[in-house]
Amino acid sequence: MPTNAEVAELFRGIADILDVLGERFKPEAYRRAARSIESLTEELAAVAARNELRTIPGVGDAIEEKIREVLATGHLGYYDRLQKEVPPGILELLRVPGLGPKTARRFWTELGVEGPAELADAIRQGKLDGVKGFGPKKVEQVRRALAAVAGAPTARMPIEVAFPIAHRLLEGLRRAGGVEQLELAGSFRRGRETVGDLDVLATSSDPERVFDAFSRLPEVREVRLRGGTKETVLLQNGLQVDLRVVEPTAFGAAWLYFTGSKDHNVHLRSIARDRGLKINEYGIFRGEERIGGGTETEVYAALDLAWIPPELREDRGEIDAAAHGPLPPLVEEGDLRGDLHRHLPPDAGVREVDDLLAAARARKLAYVGVVVATAPPEGPVTRLGAAPLARLDAARSPGLTVLRGIEVGPGGPPPELGGVPSDYVIVRPPEGAAGAPPSRVPGGAVLVAHLGHDDAARAWGSWATAAGAAVEVGPGADRIDATAARAIREAGGRLAIPTGLGAPDDDPVAPLALRFARRAGAGPHDVQNCDAAAPLTRSGSKRRA
DNA sequence: GCCGTTTTCGGCCCGACTGTTTTCAGTCG
């Protein structure tokens, strides 16, 4: 049975071939279906079994039938036939930056070139000289792009890896001066798990100065292109960054546009067109007249839509919802009232305890849970020292409840931890194996952390609901991303969001966990640590410190 | 190939940048 990702990849392959064959609208139709399928929270087979494939955005009669064929047989006759029409190497040419379907097709039909290696040979032999549309600059551009693409496949980067990089770039630009507003856009702002590039948007009275400063940042390896309003650079690590500078009056329209997603933009613009309006990155227009664009809200309002949070802008029904009034509120940083998963360093002393509690008070948290002992499925048993433990228990603060947590595997606390008094349990599933939830519930379990298995998310979500537990969301290999968080919510489970208490500014875990939860559509009621009081603990009473 | 509170047919977002051209095609996002 093919996975959703494999079916999406198949449809992208179809789109590429159709592109080279010169089809006009079909390629985008297949790509749109591919994007939708990728973002599903369950297997296609389950959707097909309920006969609901047509409810997937971009899936109509023809694509539904193709999905059913692939699910049933593992093959698609249509794709097999298409593959015979175009040499495989031509499709590789589409991966070369600056080469598109039109150009690839010309290389193939006019020069007999059938792949990247042959194209490089053709350039060396001067076969492109004098070909219409290929001057010396274009040939050199293609030659360099071919050389670059040979060594570096362009993979999307996990957002938690991009986070500190984006943080540094913005810091650098601010320090250089000349920028007024400065924001990230693109899939980064939408909180996607991976980013293909970074989009940075600025307003400035002196764009040239901003571009100059950007080009000189130490992270920048080379400037790819530069015009009056945008500059594209490549970082040392290969990540591409686009910087746009716009007028302050157009900031909202530009931020909306560059945040995407593409499908969201296309839908908005088609609504505008139906109403005799036009949206571009400079504003929203009726004829020549500009009727808004300073803020995103103005643009949405001109279409009688409520403002839509970036995390939801995927054209998965959010636009229809916004037409009927404000969307249900998503969880915000200020909604977080406590944190039940703080670790202290193994050699923590009294000082670290005091710092953590001071940070909790500064954030006005109502409760904080500190892990005092761990016996995870893998790794050694660790315990907090006697002195910091005493300090923790002795902490006195009218507003702050302090709790002791122990972190254990699905089987519950091992004998080694028998003597450790605790208020609640953090369950940590074993790494690697797509572990099924335990059949019995460890007494007073309130949190599942470091789950990391997308496939198991739905099952753990159901289990957590029954256990009165929450599942921790966040970036990284052993955490839960937005898609899995959505599956947990659909299974009736609640989420927990780390607060980042005491973490440095560029630490990605807390801000991205919040974005993932929002992307999963979670409001404050769906998040355990938005509750005003600490969850019920195993003793049935809260440890008032 | 998809889609529809004008539509089951006839549309399908919009502009920047580059290189090659004397007004535009291709690519990209």
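Small disclaimer: the values here were computed from a predicted structure and weren't measured.
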Let me know the distance between [atom1] of [X] and [atom2] of [N], rounded to the nearest Å.
X: A:R32; N: B:dC2; atom1: CZ; atom2: P; answer: 11 Å
X: A:R31; N: B:dC13; atom1: CZ; atom2: P; answer: 14 Å
X: A:R226; N: B:dT18; atom1: CZ; atom2: C1'; answer: 16 Å

Could you measure between the two [atom1] atoms, the one in [N] and the one in [M], and give it in whole Å?
N: B:dT7; M: B:dC3; atom1: C1'; value: 9 Å
N: B:dT21; M: B:dG26; atom1: P; value: 13 Å
N: B:dT8; M: B:dT23; atom1: P; value: 42 Å
N: B:dT20; M: B:dC24; atom1: C1'; value: 9 Å
N: B:dC2; M: B:dT6; atom1: P; value: 23 Å
N: B:dC13; M: B:dC28; atom1: C1'; value: 14 Å

How should the glycosidic conformation of B:dT6 be described, syn or anti, under the criterion that syn lies within 90° of 0?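 Anti for B:dT6; the angle lies over 90° from 0.
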Can you tell me if the side-chain N/O atoms of [X] get under 4.0 Å from OP1 or OP2 in [N]?
X: A:T103; N: B:dT27; value: yes
X: A:K66; N: B:dG1; value: yes
X: A:N265; N: B:dC13; value: no
X: A:Y282; N: B:dC13; value: no
X: A:Q240; N: B:dC28; value: no
X: A:K138; N: B:dG26; value: no
X: A:T232; N: B:dC28; value: no

Can you tell me if A:D315 and A:H267 form a side-chain donor-acceptor pair at under 3.5 Å?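 Per modelled atom types, A:D315 and A:H267 side chains form a pair under 3.5 Å.
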Any chance the side chains of A:Y79 and A:Q83 put a donor and an acceptor closer than 3.5 Å?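 The answer is yes; a qualifying pair exists.
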Can the positive tip of A:R244 be found less than 6.0 Å from the middle of the six-membered ring of A:W255, inside 45° of the ring normal?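 Geometry flag: not set, cation outside 6.0 Å or 45°.
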A:Y257 ring centre to A:R269 NZ or CZ under 6.0 Å, with the angle to the axis within 45°?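 So A:R269 does make the cation-pi contact.
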[X] side chain: which of [options] is closest?
X: A:D242; options: B:dG29, B:dT27, B:dC13; answer: B:dG29
X: A:K230; options: B:dT20, B:dG29, B:dC17; answer: B:dC17
X: A:Q141; options: B:dG1, B:dT18, B:dG15; answer: B:dT18
X: A:K278; options: B:dT18, B:dG15, B:dG1; answer: B:dG15

Counting only heavy atoms not in A:Q181, do more than 12 sit closer than 6.0 Å to its CD atom?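 For A:Q181, atom CD is crowded (more than 12 foreign heavy atoms under 6.0 Å).
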By the definition side-chain hydrogen bond (donor to acceptor under 3.5 Å, both in side chains), identify the one residue from A:R489, A:E490, A:R486 that meets it with A:T41.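 Checked A:R489, A:E490, A:R486 against A:T41; only one passes side-chain hydrogen bond (donor to acceptor under 3.5 Å, both in side chains): A:E490.
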